[in-house]
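Here is the naming used below: chain letters follow the sequence lines, and residue numbers restart at 1 for every chain.
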Amino acid sequence: MKSKIGLIIGREYFERVSKKSFIITTILMPVLMLLLMAAPALIMMFASPDSKVVYVEDRSGLVAPRLTSDEEVTFKTASLPVDTLVAHGDFDAIVLIPDSVVSGRSVIQLYSNGPSSMSLESNISRQINDIVETERLKQYNIENLDEILKEVQSDVTINTVRTDREGDDSTASAGVSYGVGMVLTFILYMFLLLYGQMVMNGIIEEKNNRVLEVVVSSVKPTQLMMGKILGIGLVAVTQILLWCVLMTALAAFLFPVIMPAEAMNEVSQLQAGTLDMSLYSGDELAAIQGVSLLGNVGFILKIFGWMTLFLIGGFLFYATMYAAIGASVDNVQDAGQLSFIVVMPVLIGLIVSTMAAADPNTSLAFWLSIVPFTSPMVMMSRIPSGIPEWEIIVSAVVLFLSFLGMVWVAAKIYRVGIFMHGKKPNIKDLAKWIKYK
Amino acid sequence: MNLLTANNITKAYAGGNIALDDVSIEVPKGSVYGLLGPNGAGKTTLIRIINHITAPDKGTVTFDGHPLTQADVEHIGYLPEERGLYKKMKVGEQAIFFARLKGLSKADATRQLKEWFDKFGISDWWNKKVEELSKGMAQKVQFIVTVLHRPKLLIFDEPFSGFDPINANLLKEEILGLRDNGSTVIFSSHNMSSVEEICDDITLINKGHNILSGNVNDIRERFGKGRYTIDFKGDARALMESVESLAGEFLLSDRDKELKQLQLRLNPGVRLHDLISAANDATELRGFNVSKASLNEIFIHTVESNEKNR
């Protein structure tokens, strides 16, 4: 009997793995994802935005000389009257600074040729505010003002180090955990729905072209159902493994190319504990931490280990529900209503995940990461922030036990459903089939 | 000796719909057994129970001398009425898959399949996908898949539907050949002439009840008993009036332009001689025969009188 399940698994597996569409998506997906990750860098390299020309008419005479041009803006002193410049039209914006800019409250006019951009406005207002602030301080005639100002300038950075037993030596800041958690949750979500529906569609197809009746004259309906679920599950595992291998290979090849050598140096300093953190701003430090974390083999292996566990558990659980639904309908259109039972909790899980990734310790996040209907997603979003391991283990055990329970329910529905044609069943009917001997 | 016996099978579906009510059949080893009945009579349910796909609520099935188990399905071949193969799979690959599900090794399956494909002249289909085949072609493949593992019991549900007369005949020869080689065949059909030709015994099921069982010839004789056909020229009305007191169940038909035929049943206690002389007096008598009931008539008659009696 065992070997018959093996035959079914083999058929499901090889039919799908040998499909052109499977091979293409398996190869193209990592390339696409890396391109997506590299896209911002590439865009910056090739398409830096045109610098905007801003004329400054400074009636106070204090501000204009100290405005600094950068990639985004080039400041020019207005040599002509504003009206003439406007008529001429050869500019992006004109800033009109009144006499009273330092002495009192005043409004600065910005004449924009075409739509003004928010980043331009904030750039100009930030610079002018800084200058005005300094000028006002100067009026107090404080000695060594420049040195004092330099000293008081603040740029606080938080470097999180876990002190409880659960925290390991990796210094995962909340921001990085959030990012990793969300990415993992989303991948999980996609896989569960995609491959779950593949199980459903496969069963509907078998039922529709009546091959099912031939198969169940050789194996038990439950064996056929489990064979299908396991076979497609193997396809999912194969795809993930291939993606991991391809991504690692591509990343190993591309990472040093994209990352400047200086950054890699900083990362290795952080890992060695010799990095002088006071030299870096908060954003820079977070980036270094992120890169360091992704390069931390222990962390990655642990995360992927849990990921695989919840992926398999979640897939089995949801695919079994999808199998029951597939068996009870005649076509994919009819399945829409019933598959709501599956999609709904998955969506709730996804939504709660975004909250759980931001704050993994709320009781909502905790309980929904234990309840099997939402646990794969919610737990996955909590794991990167380093929650106690027993929580993960309890969640996994509950998930796998629920899978077994779901198999029992689904097998009952399946057995009856596969021979029902024509009538579109509702949830009530399904409940009746479960009770039916 | 019976290869298969089903004893007092009862099966009800959810919602109280009774598919089979106390049905028993006995299928002798090496025979062709006809399972007849109108649509929705419960034939498919009975076949599924024999195939160990569903379990009966009450009753037992004995196969080859022991209670039927899941392991026995390796000795059963089933061709369902609604044919189905995996469309995207190649013909050869698929046939091997089904053969292995029935317990054959890959090597055995491949060797025997090649033989069958040669016999049916379809060897060049081996690497085609099923979706590229016509309906009739797919039927042939499915037939081979059904019989390949040399099952002790073969179950054919409407095997001839979708076959042209030539291929239907080829199939009939194969089925009889399989029986001659020791297989037992259960044959479910609405096509009574084919049942008449190849079945040894039949069971007629209507609305979940077994309403008629037995050897085909015995049944035809039993139903034909007391029925005669009179070929005559002349006034049909006069003939019917003159024999009205002697016989009933008249069935009048035209043989050709002049010749007519009347079928009737002799009333109990009436001598055949009286009927013939009465008929001879009323018309110009051209022929007189003992009629044998066709299964078709038996089917319709039995089902209809069964409906009336409920």
Check step by step if salt bridge (charged side-chain N to carboxylate O under 4.0 Å, His left out) holds for K87(B) and E132(B). CA-CA 8 Å; K87(B) 290 204 174 75; E132(B) 297 169 46; over 6 Å; no
Which bit of T146(B) is near chain A, if near means a heavy-atom gap under 4.5 Å: side chain, backbone, both or neither? neither
Could you look at I8(A) and say if it's the side chain, the backbone, both or neither that has a heavy atom under 4.5 Å from chain B? both
Using the benzene-type ring in the case of Trp, are the ring centres of W243(A) and F191(A) under 6.0 Å apart? yes
For I96(B), which of T110(B), L104(B), L101(B) qualifies under side chain to side chain contact (heavy atoms under 4.5 Å, CB included)? T110(B)
Taking F97(B), F98(B), Y86(B) one by one, which has the highest count of heavy-atom pairs under 4.5 Å against chain A? Y86(B)
Part of R48(B) lying under 4.5 Å from any heavy atom of chain A: side chain
Check each atom of Q142(B) against the heavy atoms of chain A and say whether the ones under 4.5 Å are side chain, backbone, both or neither. side chain
Side chain, backbone, both or neither: which part of E15(A) has an atom under 4.5 Å from a heavy atom of chain B? side chain
In short, I50(B) meets I76(B) closest at the heavy-atom pair O-CD1, 3.6 Å
Could you tell me whether D64(B) and K29(B) have a side-chain N and a carboxylate O separated by less than 4.0 Å? yes
